[in-house]
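Structure record follows, encoded as C-alpha cells.
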There are 2 protein chains.
Amino acid sequence: MEKQVTAHEVAKLAGVSQSSVSRVFTKGASVSEKTRKQVLEAAEQLGYRPNEYARSLIMRKSSLIGLVMKGVSNPYYPHAVKKFTAELKKLGYSVLLIDTDDVELQMHDIDALLSYHVAGVVIMDATASFQTAEMLKRFRIPAVLFNRVVPGTGLHSVSCENESAAREIARLLIARGCKSFTYVGGREGASTHIERLKGFTEELRDHGFGCQVLPGDFTYATGYRNGAEMIESGRLTDAVFAVTDLMAYGIFDAFRDRGVLIPEQVKLVGFDDIEMSSWSPYNLSTYAHPVDRMVALSIELLLDSERSHAAGEVHYLPGEMKLRGTT
Amino acid sequence: MEKQVTAHEVAKLAGVSQSSVSRVFTKGASVSEKTRKQVLEAAEQLGYRPNEYARSLIMRKSSLIGLVMKGVSNPYYPHAVKKFTAELKKLGYSVLLIDTDDVELQMHDIDALLSYHVAGVVIMDATASFQTAEMLKRFRIPAVLFNRVVPGTGLHSVSCENESAAREIARLLIARGCKSFTYVGGREGASTHIERLKGFTEELRDHGFGCQVLPGDFTYATGYRNGAEMIESGRLTDAVFAVTDLMAYGIFDAFRDRGVLIPEQVKLVGFDDIEMSSWSPYNLSTYAHPVDRMVALSIELLLDSERSHAAGEVHYLPGEMKLRGTT
DNA sequence: TCAGGAAATGAATACGTATGCAATTAAGGG
DNA sequence: CCCTTAATTGCATACGTATTCATTTCCTGA
C-alpha cells in the first residue's frame, strides 16, 4: 500500500479542518455549501478516497458482505452472485468472496469473515453445519442460506418453493399421460433434493403412482450415468424428473446417445432454468427460480436490523414453470 | 458490527500486555513459548480474531485482492475465479469481488478498489480502458489483465498463446482435408478475438487458403445466428473455427437443427475447453487454456514487489489442443 | 444595529493493532 | 555467583477517520 492521500491533506489544500472533510464524505452531516465545494475540489485534485479501513474501524461497522460459494459446477450460482453484487453495490456494500472447495465451510474461511467483521454472510450451495451456524451466532454475524434450508441451525433461509414446484411437475407429467416415474436426486441431505423428492413422490402417490428414486450428486456426469443405467437395466420409465437442469442434461445425453427419444418415449423435466436449458440440444422443460426476489429477500434479511439477528426465518418463494420441448 | 473481542481483553485474561498478544499473531515476532501458549489459550477462549481493519490501517497494507469480472456468460471465468481464490487464500489474501455489468470498469468499482487500497487487481474479461489503466497507475495499484492484452495501457497481461494456437488449429483443419474456412469472432477489439483471427487467417494464407470472417460477441446466441446464416446464405465452408467454445456450441446447434453433419460435412473447433465441451452433444475439439499456470503467473506478477509496479509484462502461455469428435 | 438562535466549524479523542524503544528477564560463560 | 549478551516484554505512539463538544459564524427579525 503506497502513501495515500489523507483527509488531512485535503483539509490543508481546501483550507479547512479534517473534520470538515470527513463531514463532506459522511452523508447526513452538516456542511456549508462553500466548504463542500472547496473540499470536493481539493479531493478531486488530490484523488482522495476515504480509507475504508479507518472508516470501518472507527464506525465499528463493516461495509463488506461475505459471499460463500461452494463451487462453479452449477452455472446457476454465478448468476446469483452477479445479482448479489449488483444489488449490494447499490446499498454501498462490497463483496468478500469465499470460494470453498469443501461442502463444509472451512475454519479458515470463517476466520476471514470474522477478521473483516462482515455485515452479513450469504451461504450459497454449501451445506452449513451446525458448527458453522454456532460460530456465526456466537459472533452475531447475520447469515442467510441461499437455496438451502438446514433445520435446526436457526439461520435464515431463502429458497424456492421446491415442494410445491415438484408437485406441479408431477401433475404436469401425469397430465401428459405418463404412468411410470423416476426421480434422479442430488446430494444426500441437501434440502433442495429432499424437498423436491418429497413433493414429487407425494403428489404421485396422491394420484396412485409410485416412483423410482435414483441417487445423485447434482453433477452432469452422475446424471449421465443414471440415464445409462436406467436403459441398461431395463428400468426406463415414462417420465424422469431431475433435481437440477445439470443432471437433466446428463440424463438427456445418455438417452440420446442410446437412441431413446425425448419427449416421445420419455418426458424429462429439470429444475433451475439455467441458460443452457433453452438451447436447442436440450430445450428442457424446467422450473425457474425467482432469483431476483430471492436475492432481494436475502439482502433484506441480512441488513434489516430488526430481523437480521432474530430467529431464523425460512422463506419459500414461488418460481415459474417453463414448458419446453422435453414434455 | 457488534462489540468485538480485542487484543486488550485477551491480554488481560492471559496476564500479559496487548503488545504480546499482537506479537503472537504477527509471524516473525519474538515471543516466549510460555507467553504464546497463554495468549493462544485466552484467545481461543474468547474467540479472538485480529481486527483486519485495524491491522491494515496500521500496517498500511491491504490483504485484499480485487477480482474484476465482467459477466457470467462464459463458464470459463467462474472456473478461473475459483483458482484465484484458492491460491490467494494460501497466501493470506482475501478476495474483493467486483462484478461489473459494463464492458468498462465503472468509476464506482474503481472507488471500491481504492477505498480498500487493494494489494492488486485482476481484471478478467473486461476490456480495460486507458482511463482505467491511468487510474490504477496513479494510485500505484498493481494490476494484471487476465486473458486479455490491451497494448498501451502498460498493464501486465497473462494470456493464452492465442496466435500460435490458432495456427495450430488451422494446420489441423488443413490436415483433415478442409479447403474452405470460416472464422466466427468475438467482440471487436478484444485481444483474444484479434489474436486468434490473426493466427488463423495468416496460417491459412501461408498455405494458400482464404477465410470467411464473421463477426460475433462471444455469446451462444450469436454463434447460433451465424451458423444459421451460413447455411441460409449458402456460404457454408468445410471448416469453422469459433473464437470460444460457447460460440461453437451455437454454431453446432444451428448446424444440427438444419441437418448439417459434424464432422462429416463441416469440421468445427472451439477455444477454451470448458466442461461442456466434453459432453456428448458437442464432444467439441478445442484448445484448452493453461488456467493453473495463468493464475499462478498472474498472482506472481501482482505480489512480487519487483515486478508489480514495473512496466507491463505481456505473457502468452501455451495451452493444449483437445481433439474430440468435431474434427 | 443588535440580540438570539441555528448552523457550521475545529480541536480533541477513540477505534484496535503493530512496532520502536527502553526496561526487564533469561541465558550462558567463567 | 556474577557479569555480559541475547531474548522478551511493556509502554507509548501512530495509522486515517467519525464524532462529541465547545466555539465561532451566519441568519433573522425587531
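Here is how names work: the chains are called A, B, and so on, in the same order as the sequence lines, proteins then strands, and each is numbered from 1.
Side-chain atoms of A/Lys83 do not come within 3.5 Å of backbone N or O of A/Ala296 as any donor-acceptor pair.
Between the side chains of A/Tyr316 and A/Ser157, no donor-acceptor pair is found at a separation under 3.5 Å.
Judged as a side chain to side chain donor-acceptor pair (under 3.5 Å), and not counting sequence neighbours, A/Glu9 has no contacts. Listed by chain and number, the residues in a side chain to side chain contact (heavy atoms under 4.5 Å, CB included) with A/Thr35 are A/Val16, A/Ser20, A/Val31, A/Ser32, A/Val39 (sequence neighbours excluded). Applying the ring-ring contact (aromatic ring centres under 6.0 Å, His included) rule to A/His289 yields the partners A/Tyr76, A/Phe271; only residues at least two apart in sequence or on another chain are considered. Considering only residues two or more places apart in sequence or on other chains, A/Asp304 meets the side chain to side chain donor-acceptor pair (under 3.5 Å) condition with none of them. Qualifying side chain to side chain donor-acceptor pair (under 3.5 Å) partners for B/Ser94, counting only residues two or more places apart in sequence or in other chains: none. With sequence neighbours left out, B/Leu317 forms a side chain to side chain contact (heavy atoms under 4.5 Å, CB included) with B/Pro290, B/Arg293, B/Met294, B/Leu297, B/His315. Evaluation of the side chain to side chain donor-acceptor pair (under 3.5 Å) rule for B/Ser63 yields B/Glu52 as partners, not counting sequence neighbours.
Counting non-hydrogen atoms of other residues, nucleotides and ligands closer than 6.0 Å to NZ of B/Lys137 gives a total above 12.
Within residues 7-20 of chain A, the residues that have a heavy atom under 4.0 Å from DNA chain D are, in order of number, A/Ala7, A/His8, A/Gln18, A/Ser19. Contacts between residues 32-40 of chain A and DNA chain C, counted as heavy-atom distances below 4.0 Å, involve A/Ser32, A/Thr35. Less than 4.0 Å separates DNA chain D from at least one heavy atom of each of the following residues of residues 22-31 of chain B: B/Arg23, B/Ser30, B/Val31.
Between B/Phe146 and B/Phe84, the ring center distance clears the sub-6.0 Å criterion.
As a whole-Å value, the separation of A/Arg60 CZ from D/dT19 P is 12 Å.
A 4.0 Å heavy-atom criterion places the boundary nucleotides of DNA chain C facing chain A at C/dA8 to C/dG16, written 5' to 3'.
For residues 3-29 of chain B, the pairs satisfying ring pair (Phe, Tyr, Trp, His ring centres under 6.0 Å) are B/Phe25-B/Tyr48, with sequence neighbours left out.
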